[in-house]
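Only one structure is covered here, and it is reproduced in the block below.
What you are looking at is a predicted structure, and each value in this text was computed from that prediction instead of being measured.
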Amino acid sequence: MTFESFLPLFHVWIAAAILLAALWQVQRSTGNAGIADLGWSVGLAGSAVYLAIRFAGDSPAAWAAGALAALWASRLSYYILVDRVITPH
């Protein structure tokens, strides 16, 4: 394996680090940790789609795994948005 084969994973890691660092600052100012949870789940959905596009090729199984991960993370994102961010406990 070459470095180029790990480049998409590096992209996901950098994007997640920037997103979660920004949301951590938002959480510190608002006191609502649900925003970080929402960012994590949205990032997971985006990562699943991005990595499926970059790695799947013609593999239906890889596309299915990426789609299922994105659907699950999207459902989780909606739940966290409604239950934790819009109506915090």
Sequence neighbours left out, what passes side chain to side chain donor-acceptor pair (under 3.5 Å) with Ser74? Give chain and number order. none

How far apart are the closest heavy atoms of Ala48 and Ala70, and which atoms are they? CB-N, 3.9 Å

Sequence neighbours excluded, the answer for side chain to side chain contact (heavy atoms under 4.5 Å, CB included) partners of Ala52 is Trp63

Hydrophobic clusters here meaning ILVMFWY residues chained together by side-chain heavy-atom distances under 4.5 Å, can you tell me if Leu71 and Tyr78 are in one? no

Atom CD1 of Ile80 and atom CD1 of Ile86: how far apart are they, to the nearest 0.5 Å? 12.0 Å

Test of understanding: clusters of I, L, V, M, F, W, Y form through side-chain heavy atoms closer than 4.5 Å, transitively. Do Leu19 and Val26 belong to the same one? yes

For Ala73, give me all partners under side chain to side chain contact (heavy atoms under 4.5 Å, CB included), at least two apart in sequence or on another chain. Leu44, Ala45

Not counting sequence neighbours, list each pair that qualifies as a side chain to side chain donor-acceptor pair (under 3.5 Å) and has a residue in residues 11-27. His11-Tyr50

Same hydrophobic cluster for Val49 and Phe10, using side-chain heavy-atom links shorter than 4.5 Å among ILVMFWY? no

Look at atom CZ of Phe55 and say whether more than 12 heavy atoms of other residues, nucleotides or ligands are closer to it than 6.0 Å. yes

Which atom pairs, one a donor and one an acceptor, fall under 3.5 Å between side chains of residues 35-42 and the rest of the protein, sequence neighbours left out?
| residue | atom | partner | partner atom | Å |
| --- | --- | --- | --- | --- |
| Ser41 | OG | Asp37 | O | 3.3 |
| Ser41 | OG | Leu38 | O | 3.0 |
| Ser41 | OG | Ser77 | OG | 2.9 |

Residues which pass side chain to side chain contact (heavy atoms under 4.5 Å, CB included) with Ala17, listed by chain and number, not counting sequence neighbours: none

